[in-house]
Amino acid sequence: MIEKKWQKKWAEEKIFESDPNDKEKLFITVAFPYPSGAMHIGHGRTYTVPDVYARFKRMKGYNVLFPMAWHVTGAPVIGIADRIKRKDPWTLDLYENVHRVPASELPKLEDPEYIVKYFSSEYNEVMHEMGYSIDWRREFRTIDPTYKKFIEWQITTLKEKGLVIRGEHPVKYCPRCDNPVGDHDLLEGEGVGVNELTLLKFKIDDKILVTATLRPETIVGATNIWLNPDIEYIEVSANGENWIITKEAHHNLSNQIKDLEILNEINPNDLIGKLAINQFTGETLPILPASFVSDDYGSGVVFSEPADAPADYIALKDLKNNAELISKYNLEGIIEDVNPIPVCTVKGYGEIPAADIIEKLGIKDQNDPKLHDATNELYKIEHSKGRIIDSIEGYGGKKVSIAREELKEELISKNIATIMYDFAEKPVICRCGENCVVKIMDNQWFMKYSDPEWKVKTHEVLERETIIPPEVKNNFNYYIGWLDDWACSRNVGLGTRLPWDKQWLIEPLTDSTIYMSYYTIAKFLRNMNPDDLNNAFFDKVLLNKDSDDVKVDAETVDEIQKEFNYWYPLDWRLSAKDLVGNHLSFLMFHHSAIYPENKWPKGTVVFGMGLLEGNKMSSSKGNVILLKDAIEDYSADVVRLFLMASAEPWQDFDWRQKEVLGTKRRLDWFKEFGQKVEEIKGSPLDINNIEKVELTRTIDLWMLSQLNQHIKAAGEALEVFQTRKALQESLFLLRKDIDHYLYRQSHLLDKKDPAVIYVLSTVLESWIRLLAPFTPHSCEELWSKYGGNGFVSQASWPEVNEDLISLKIEKSEELVQNIIKDIKQIKNMLGDDISKIHIYLSSDWKWNLYEIANEVGKPDIGQIMGRAIKANIYDNKKEIANVAKKLGREMTKTKYVGKINENQIINDALAYINQEVDGEVIIHTDDSYDPENKAKNAMPYKPAIYME
RNA sequence: GCAGGGGUGCCCGAGCGGCCAAAGGGGGAGGACUUAAGAUCCUCUGGCAUAGGCCUUCGAGGGUUCGAAUCCCUUCCCCUGCACCA
């Protein structure tokens, strides 16, 4: 296996171990993997891009550092280990059949640390098989004791700057597991949001009916309270008040409000018909029955605002029509006076918007499922476009969205309201089967991303950075502005503990924001005693702050510090696009807070996602191809090539087997090309010693012009990570040109023509180097086989020879191709009885005219004529006019590159033209033989043709 | 809803004022080669023509321009993110 062979040689010669030297440095990193599963082809793309870039820049003469490490902190593996332990069938199946963990290893995954250990070593192995040019001396895991010391230093530094603060935050929570749960821990309810509800308190005797609402501003339109007589209510004590809520609501609410103690059960039937007090308006409201009120959303108690809430409106209507209920609860004399009170106006709706939407959607009663849509629609439109009616004091005329916030604040300050949280949709069920709740985690620690000064500084980091693709810069700007305080402490998972509050673990997105600095010094720290790595040590190494507390000897500290200062700042950071709003933004935040400007990151590249035969790749759904399988089936070079060629890094790529096979064939062709050249040469190739030949034929010059153009374009593309474009140039288009050249010169291939041999050898030599970043194994093999010096990985990237790039040469070949095409076309029309093909070349004055037209720049016949006559290019003005007119049309279709020697070009290609068109080709520079008067049609780049 | 991105030929995708009927790949058709298959190479793959031409097309409608897939306006549709999760 040639791939293994070269991987071994690279490792033996340590050619990717980078230490400081005199060369210009380049430090590139890609988000390190969280190894909780096997590596698939999506990961393959992620890590191949930086490798290709690193290899390219190395060939460009840079001292490149490309390191790798393992992000093993966080909670997911804890859940996975748990599920393995419980023998959860879905999880076992996933790890056995998708991640393909051998049966002997599977039980060991009950230990979360073993999971990350197992998969990080698998990642390591597969990354070696992919031929990545990583400096493995700097590998680490984020639970290494030395790394933890680094994180302790980082978080302490931030805390000292006042950027780590205490606070509280609502999270999805499983009461049975006694843990916060992420989306991946859910059986049902993935992606469900958490709504903030306002709890409004209505007095009834010495108790308080606590109603939950999304729309506190409608309190002025409250007409009554709804209770559902069929659900269980209880009385609880809350901060000295006695609240009435449902039993279900207590289940949720007790996780949000402290010391919520159940006092006794309440029979809703005892309350219905009584009056409650709206503490904001002072009005009394009757308590009425409604079946739409559910016990598990909010508090299970609802205040009714029938003007804007469709459910309230229809429930009121239902009740008024229900004589049975009215008499059951003695509501005669009460119910008649309950009528909607207008609160909001919104374009397209009348005084009572709820009535309009009920009618519009044809809702029959309060149990109609369409009620949900009605509520949503009205909520949205009133939120965005609605205003409070003018008659309402203090809030009249204000936008609904603004009045809502202001009123909420007012109500809370008057202790008429408080806040609670609930899921936007239900159910939300943990993998353990329990219903989740919203829990307020208090005494949490937060990164204060809301800090205005910090935001300003972070925006500066962004401003100085190159972002690829550029449009993502807007996204970053938006996210930096929008990010609020971020809970950075957790109570489960692997990771580093907060040094000042050991009950908390540092959240994994927080412990991976400046770790790129750690790479630069990791090779030293791995053998050091963690106890010596105190804050003073990192202060000195990373920030050059002196202190007596440094325990490491000064010489070592100095060496480590030099290494850090050599590699930092980070030149390129690569990461997936779903990390723009958190990880990548955090990275900028933390760098801005900790490091001086000259250590801020210089560039970010954002990746797209991977598709498999058109469908989204997903390990959990089993829709993946493991990278190690792909390598086995196609070889690492083919996988690399496909991943780099099928899409630019920031676009979504699509792994399609047919196209992968196409890529393989293409690589095979490249690999066999050397042999082909050798056969043409008739003796072994030595690309280190190519015999130079003076070229005179246009087609030979054309090949080298094309080669240099492709080298140029590929290099420019790679500089900005356009791997697809680079390969388009250096593989697909170059190959097409080589094909064309071989076809064009087919009559010379067995003649040992020195020019052809020179051209092809040159192409081969450049081509191997051109593709080396993409398919390093094949290129090393060819490089050594055909006499290259050393490793191609260490060779230089081919220089562009600008002198060989010629638009005229390109145009010349185009001329030949067009003549053949035209002749064939005309021949087609005339039939086969053609023996002579006359070609008439354009006379000089037409070239002059074209030159003038080109200067004018647009098909303005008048101006062209004017200048032509002034310059006196030809004496027949009428003829000038005719040609100018034609030229006007032609020039919009053809690019003028200056005069070319058509006579010589066509003569050069005569053998080829004859072969292609089959007939005697005669070139005329005048009209001495012109029976059909065609010669006058000749135009620059487009000779006239006559056949007989 | 907010923010960002996008709609191109059978499919994927490049192009972002005139070399554009639109690169490249995939698929399809034909030919060469081969005992055959595969691979490889050549040609074609919007329509109509048949002296190298013309017409229609780049989500839809309007505009700017000598000229628009490309610029401007309007409109419809699609994708991604909206957090405590790596």
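In what follows, chains are A, B, ... by sequence order, proteins preceding strands, each numbered from 1.
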Spacing of the P atoms in B/G24 and B/U45 (rounded, Å): 12 Å
B/G61 versus B/U8 - spacing of their P atoms, nearest Å: 16 Å
Given B/G53, B/C19, B/A86, the nucleotide with the shortest approach to the side chain of A/K895: B/C19
Donor + acceptor pair across side chains of A/T604, A/R573 (<3.5 Å): no
Sugar-phosphate only, base, or nothing, as touched by A/D652 at under 4.0 Å among non-hydrogen atoms: nothing
Identity of whatever pairs with B/U34 - Watson-Crick or G-U, under 3.5 angstrom: none
Complementary nucleotide for B/A49 - Watson-Crick or wobble, under 3.5 Å: none
Distance-only side-chain donor-acceptor flag, A/E813 / A/H740, under 3.5 Å: yes
Interatomic distance, A/K664 NZ vs B/U40 P [rounded to whole Å]: 11 Å
d(CZ, A/R656; P, B/C11) in whole Å: 11 Å
Nearest-angstrom distance, P atom, B/C16 to B/G7: 13 Å
Side-chain donor/acceptor contact of A/D822 with base of B/G52 under 3.5 Å: yes
Whether A/H590 and A/Y449 hold their rings parallel, tilted or perpendicular, with breakpoints at 30° and 60°: tilted
Sugar-phosphate, base or nothing in reach of A/Q728, heavy atoms under 4.0 Å: base
